[in-house]
2 protein chains.
Amino acid sequence: MTGRLDERKRRMPRAERERQMLAVAEEIFAERGYQAAAMDEIAERCGVSKPMLYEYFGSKEGLLVACIRQARGQLAAATAAAVVGATDPEDALRRGLVAFFRFTDAHRRAWSLVLRNEAAVAGPAAAAEVEAVRQEQVEIDIALFAAFLPDAPRVELEAAAQVVVGACERLSLWYVGRDGDDAVSPEQAADHLMRVIWTGLSAMTRR
Amino acid sequence: MTGRLDERKRRMPRAERERQMLAVAEEIFAERGYQAAAMDEIAERCGVSKPMLYEYFGSKEGLLVACIRQARGQLAAATAAAVVGATDPEDALRRGLVAFFRFTDAHRRAWSLVLRNEAAVAGPAAAAEVEAVRQEQVEIDIALFAAFLPDAPRVELEAAAQVVVGACERLSLWYVGRDGDDAVSPEQAADHLMRVIWTGLSAMTRR
DNA sequence: GAAGTAACCTACTTCGAGTAAGGTGAACCG
DNA sequence: CGGTTCACCTTACTCGAAGTAGGTTACTTC
């Protein structure tokens with residue numbers, strides 16, 4: 001009768017405990033929001049006491065930063081994997097967009113932390129981590145655009161990348177909030193975006 | 001010697017005190033961030049004690065909501081004023097974009113509350129208020145697009161509006177962060193955005 | 001099986017949001 | 001001018017959650 005209970009209360013090596021804490025924290029942050037999430041509750045659901053969280057993550061903000069950093073790595077891996085094998089720039093961009101939308105769709109809970117900006121409240125470190133996610137996407141877009149628009153001014157490439165990142169963010173929240181007859185798939189979201197921006201993008205060249 | 005001090009400590013009618021509190025709160029929220037802003041400090045800078053803030057705004061979140069609502073009204077007024085006298089749809093959209101960028105440029109402090117999503121931390125009411133700002137912009141864009149693309153499917157209009165709103169948000173943060181040689185004006189930001197989206201938008205029609 | 005260390009806990013401090021209960025003073029009425 | 005009233009305002013508290021000090025337990029290693 002104590003077998004299952006012992007499993008929940010057993011001692012764990014640090015790495016494993018950290019993974020568990022991250023998983024639980026992600027869930028509770030997504031469920032309650034950063035502010036309303038209590039460190040005591042996260043600790044309790046881990047079957048551990050609060051000082052352990054502080055031992056491993058330093059602060060509540062540190063725990064949030066770790067969650068965001070993990071999600072950021074997962075997104076980077078997913079998009080990188082998606083773009084290999086693209087036939088041309090248009091195809092590469094579309095594949096990247098689809099991968100982004102699929103990812104945020106599949107990880108809604110975790111991504112509400114980034115998309116809904118729970119981090120701003122937490123403090124500068126968390127806000128910086130979220131900005132780093134966006135910056136990473138911006139860099140990827142700039143590199144892609146630069147490859148097929150070699151003579152467009154740098155500032156235009158940057159602006160275009162910001163447009164795409166901002167649009168992705170908003171579209172992601174938009175289509176996730178639709179159900180039933182109005183439902184929109186990640187692929188359709190990518191198509192909508194491509195339709196609006198692609199012509200303008202491909203015409204961007206030195207005037 | 002007490003004349004100036006008396007001015008700071010004088011009794012005020014409710015409406016005037018509320019305006020003062022909003023101004024001080026906006027400043028402190030922008031300066032420290034929502035979390036780090038202490039109600040005691042806001043009260044002190046008003047020359048008043050904390051329970052007065054609670055008397056007038058109910059809670060810390062209520063105070064933030066009031067700040068956001070005020071900014072939302074100002075933005076709505078500024079964009080509405082900008083669009084009158086547009087010669088065609090393209091001109092109307094450009095004017096609206098320029099007004100948005102000029103407004104966020106002029107009110108950086110206040111708009112960091114919206115753009116950097118300080119609200120998510122505060123609670124559901126504040127988050128809803130921020131979403132309402134975005135929703136208002138989306139509705140305006142949809143109405144504009146619908147007027148000159150009467151036969152485009154509704155879902156495409158919505159998607160396009162989300163793209164524009166997301167892009168505006170990101171571009172606003174982007175160009176505000178640039179100085180010196182890299183500086184970008186509100187008008188240039190609007191131009192960059194128009195260049196990327198306009199061709200695609202005007203081609204949007206029933207297939 | 002003793003030493004050392006990694007994992008863990010109880011019990012506390014601190015700080016800020018929110019509140020209860022009461023004081024003060026200007027305006028208005030008689 | 002004396003009293004009443006109501007809006008403005010205060011002091012002094014509670015309460016909850018972040019963060020911490022210092023000690024305890026159990027696993028590893030020789």
(request) Using the closest heavy atom to pick a nucleotide of DNA chain D for each, name whichever of B/M21 or A/E61 lands nearer the 5' end. (result) B/M21
(request) May I ask you to evaluate whether B/R11 reaches the phosphate of C/dT24, defined as a side-chain N or O under 4.0 Å from OP1 or OP2? (result) no
(request) Check every strand shown and say whether A/M52 touches a base, only sugar-phosphate, or nothing at a heavy-atom separation below 4.0 Å. (result) base
(request) Write down the distance between CD (A/E16) and C1' (C/dA6), rounded to a whole number of angstrom. (result) 14 Å
(request) Using a strict cut-off of less than 4.0 Å between a Lys/Arg side-chain nitrogen and an Asp/Glu carboxylate oxygen, indicate whether A/E16 and A/R19 qualify as a salt bridge. (result) no
(message) Just the rounded figure in Å: distance from P of D/dA18 to CD of A/E41.
(response) 10 Å
(request) Would you mind reading off the distance between B/F57 atom CZ and C/dG18 atom P, rounded to a whole angstrom? (result) 14 Å
(request) Salt-bridge test for A/E26 and A/R69: reply yes if a basic N is under 4.0 Å from a carboxylate O, no otherwise. (result) no
(message) In this structure, how many angstroms lie between the P atom of D/dG19 and the CD1 atom of A/I42, rounded?
(response) 11 Å
(request) Provide, to the nearest angstrom, the distance between the CD1 atom belonging to B/I28 and the C1' atom belonging to C/dA17. (result) 15 Å
(request) Let me know, please, whether A/K50 or A/Y56 comes out on the 5' side of the other along DNA chain C by nearest nucleotide. (result) A/Y56
(message) I want to check one thing: is the phosphate of C/dC8, taken as OP1 and OP2, less than 4.0 Å away from some side-chain N or O of A/R14?
(response) no
(request) Give one of base, sugar-phosphate or nothing for A/P13, where a contact means two heavy atoms less than 4.0 Å apart. (result) sugar-phosphate
(request) Please tell me which of the listed nucleotides, C/dA17, C/dA20, D/dA18, lies nearest to the side chain of A/K60? (result) D/dA18
(message) Check this one for me: any side-chain N or O of B/Y54 less than 4.0 Å away from OP1 or OP2 of C/dT19?
(response) no
(message) Using a 4.0 Å heavy-atom cut-off, does A/A37 contact any base of the nucleic acid, only the sugar-phosphate backbone, or nothing at all?
(response) sugar-phosphate
(message) Which nucleotide wins on minimum distance to the side chain of A/V48, given the candidates C/dC9, D/dA18, D/dT10?
(response) C/dC9
(request) To the nearest Å, give me how far apart CE (A/M39) and P (C/dC12) are. (result) 21 Å
(message) Would you say that A/Y175 contacts A/T104 through its side chain, given a criterion of any heavy-atom pair below 4.5 Å between the two side chains?
(response) yes
(request) Report the distance from atom CE of B/M12 to atom C1' of C/dA26, rounded to the nearest whole Å. (result) 16 Å
(request) Kindly say whether A/D182 contributes a backbone atom to a donor-acceptor pair with the side chain of A/R178 at under 3.5 angstrom? (result) yes
(request) State plainly whether the residues A/E187 and A/R94 are in salt-bridge range, i.e. N to O under 4.0 Å. (result) no
(request) To the nearest Å, give me how far apart CD (B/E55) and C1' (D/dC8) are. (result) 9 Å
